[in-house]
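Here's the structure, in structure tokens; my notes come after.
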There are 2 protein chains.
Amino acid sequence: MTSVTEATPGSNAQRERRRRILDATIALADSGGFDAVQMRAVADNADVALGTLYRYFPSKIHLLVTALGRQFERAEEQSRNRQVPGDTAHERVMYILGHTTTALQQQPELTEALTRAFMFADASVADEIHFVGMKLTAMITRAIDGTDENREPTDEDTAIVRVISDVWFTALMGWVTGRTQAEDVTKSVDVAVRLLLR
Amino acid sequence: MTSVTEATPGSNAQRERRRRILDATIALADSGGFDAVQMRAVADNADVALGTLYRYFPSKIHLLVTALGRQFERAEEQSRNRQVPGDTAHERVMYILGHTTTALQQQPELTEALTRAFMFADASVADEIHFVGMKLTAMITRAIDGTDENREPTDEDTAIVRVISDVWFTALMGWVTGRTQAEDVTKSVDVAVRLLLR
DNA sequence: TCCAAATCTAGAACGTGTTTCAATAATCAT
DNA sequence: ATGATTATTGAAACACGTTCTAGATTTGGA
């Protein structure tokens, strides 16, 4: 037992298993998307039994949405440490979302897997979904507020952020399902942001 | 062979089979949602062989999205024949979407099945998806324009309609997946419409 | 009317998410 | 250290979407 324990519950071995499972999930998703994340393959690659995998994550959706949360946590962390460039709220929001969209589109298979899982998710995954929503909201809100670090977001800000998130998500969904082009995602968001932040 | 043939291709018997399949689909979806629409059950209830079902609809998703199209066609037809009440664009859009939302929420299982299918749909269902999008766009656009029947929608109108559709869809998705309350759907849309139509 | 092509049927079979179970291993309180 | 509890393993089994096959049936043209 090392003294350095993370906030995650369970023994060392359990935290290790959990990490291996999520790593295997991301690796498989990155290589072949949603369909490649097969529970038997995840279990094999993570060196755990299938039953153990299900003890840690009650379904494929939980697994993927949790992985999505981990990715968003990192993205939000990164964005938190840097000043968002841009003179207007519009520019700043587009910087963040354009950036994030491009990053996601660099790993199309992974993005497809995670987005599809997000779409599938039902009430039993509400916590994980909420977590992801919070991270996204935080990023966009920070972009709207800009340099004014201490500005308390107004109700209107919050409402605008929600609408932008919805548009972004729907556009992303169109792209991962192969119904729209990569550029269309950023375009859709840009139109929405223009309508909302004026 | 009767003389009255619909626009649907194929022989009489084939049109009958197709109708039986879609009817069985709606009935099963209405009774138990997405999970109850099992391909074997649909085939049984429609009195066709499983192979035949797959000849008519290449996947469960095609089947459900086609059924969704039929439902939306009817809804749009109904709304087309009536004047939309309300003095402002906001009131009229909310009337239409509030109405439609309430109608969908009367049949939660059916709505869950159709919405989930819509979410799943990939490029191979693009035509059916597009059809549904057109119907929805038509309804909302008519509501924005109000009594001015001949007004040509501006680019801005079109953009606004897209954003509203996205918000509505995302909210509906939250509800069918059991993550939000029924009222939240209309509330979300109302906030978005207020931000966009001012 | 008859033949060839297309369609339909019944049912088996396959893949993958999920569940279950008996046996083994690890952990923890006393 | 020991016994009890809990976690893990390996493997079988199940459910449902989907595919495949062999034989009937229907259809449409000569």
Side-chain angles (χ1 to χ4, degrees), chain A residues 1-2 5 8-22 24-25 28-29 31-67 112-114 116-122 124-125, chain B residues 1-2 5 8-21 24-25 28-29 31-67 112-114 116-117 119-122 124-125:
Chain A
M1 324 253 174
T2 56
T5 52
T8 330
S11 71
N12 246 339
Q14 285 172 326
R15 253 178 290 112
E16 264 304 299
R17 270 192 209 96
R18 191 185 148 91
R19 188 192 53 69
R20 287 206 309 275
I21 290 173
L22 286 175
T25 302
L28 284 165
S31 77
F34 189 86
D35 290 342
V37 182
Q38 300 185 359
M39 299 304 267
R40 290 171 181 84
V42 172
D44 281 357
N45 288 24
D47 266 311
V48 298
L50 189 56
T52 306
L53 172 53
Y54 272 95
R55 169 180 277 266
Y56 280 71
F57 298 95
S59 75
K60 174 169 172 172
I61 299 302
H62 276 83
L63 181 56
L64 282 165
V65 175
T66 305
E112 186 253 3
L114 300 181
R116 279 210 128 103
F118 189 89
M119 287 165 31
F120 266 109
D122 66 2
S124 73
V125 214
Chain B
M1 325 257 173
T2 55
T5 52
T8 330
S11 70
N12 246 339
Q14 285 172 325
R15 254 177 291 111
E16 263 303 299
R17 271 192 208 95
R18 192 184 145 90
R19 188 192 54 70
R20 286 206 310 274
I21 290 172
T25 301
L28 284 165
S31 77
F34 189 85
D35 290 342
V37 182
Q38 301 184 357
M39 298 306 266
R40 290 172 179 85
V42 172
D44 281 357
N45 288 25
D47 265 309
V48 298
L50 189 55
T52 306
L53 172 53
Y54 273 93
R55 169 181 277 268
Y56 280 71
F57 298 94
S59 76
K60 176 168 169 173
I61 299 302
H62 276 83
L63 181 56
L64 281 166
V65 175
T66 306
E112 186 253 3
L114 300 181
R116 278 210 128 102
M119 287 166 29
F120 266 108
D122 66 3
S124 73
V125 213

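Naming: A, B, ... by sequence-line order, numbering from 1 per chain.
N45(B) is linked by a side chain to side chain donor-acceptor pair (under 3.5 Å) to nothing, counting only residues two or more places apart in sequence or in another chain. Every residue two or more places apart in sequence or in another chain was checked for a side chain to side chain donor-acceptor pair (under 3.5 Å) with Q38(B), and none qualifies. Residues forming a salt bridge (Lys or Arg N to Asp or Glu O under 4.0 Å) with R20(A) (at least two apart in sequence, or on another chain): none. For Y54(B), the ring-ring contact (aromatic ring centres under 6.0 Å, His included) test picks out no residue, with sequence neighbours left out.
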**Study point:** Worked check of side-chain contact (heavy atoms from CB on, under 4.5 Å) between V65(A) and L114(A)
**Key:** CA-CA 6 Å; V65(A) 175; L114(A) 300 181; over 6 Å; no

Point to revise | Trace of the side-chain contact (heavy atoms from CB on, under 4.5 Å) decision for R116(B) with V37(B) | key: CA-CA 12 Å; R116(B) 278 210 128 102; V37(B) 182; over 6 Å; no

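The aromatic rings of F120(B) and F34(B) lie parallel to each other, with less than 30° between the two planes, well short of the 60° mark.
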All N/O pairs under 3.5 Å across the protein-nucleotides 17-21 of chain D interface:
from, atom 1, to, atom 2, distance (Å)
dG17(D), OP1, V37(B), O, 3.4
dG17(D), OP1, K60(B), NZ, 2.9
dG17(D), OP2, M39(B), N, 3.0
dG17(D), N7, R40(B), NH1, 2.9
dG17(D), O6, R40(B), NH2, 2.8
dT18(D), OP2, Y54(B), OH, 3.0
dT18(D), OP2, K60(B), N, 3.0
dT18(D), O5', Y54(B), OH, 3.4
dT18(D), O4, R40(B), NH2, 3.1

Name the pairs: protein N/O against N/O of nucleotides 6-8 of chain D, kept only if under 3.5 Å.
from, atom 1, to, atom 2, distance (Å)
dA7(D), OP2, R55(A), NH1, 3.0
dT8(D), OP1, R17(A), NH1, 2.6
dT8(D), OP1, Y56(A), OH, 2.8

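For the pair L53(A) CG and dG10(D) C1', the interatomic distance rounds to 14 Å; values are reported in whole Å. As rounded to whole Å, 14 Å separates atom C1' of dT26(D) from atom CG of N12(B). Distance CZ (F57(B)) to C1' (dC8(C)): 16 Å, rounded to an integer number of Å. Distance D44(A) CG to dA11(D) P: 11 Å, rounded to the nearest Å. Following rounding to the nearest Å, R20(B) (CZ) and dC8(C) (C1') show an atom-to-atom distance of 12 Å.
Separation of atoms OG1 (T52(B)) and CZ (R18(B)) is listed at 14.5 Å; rounding is to 0.5 Å.
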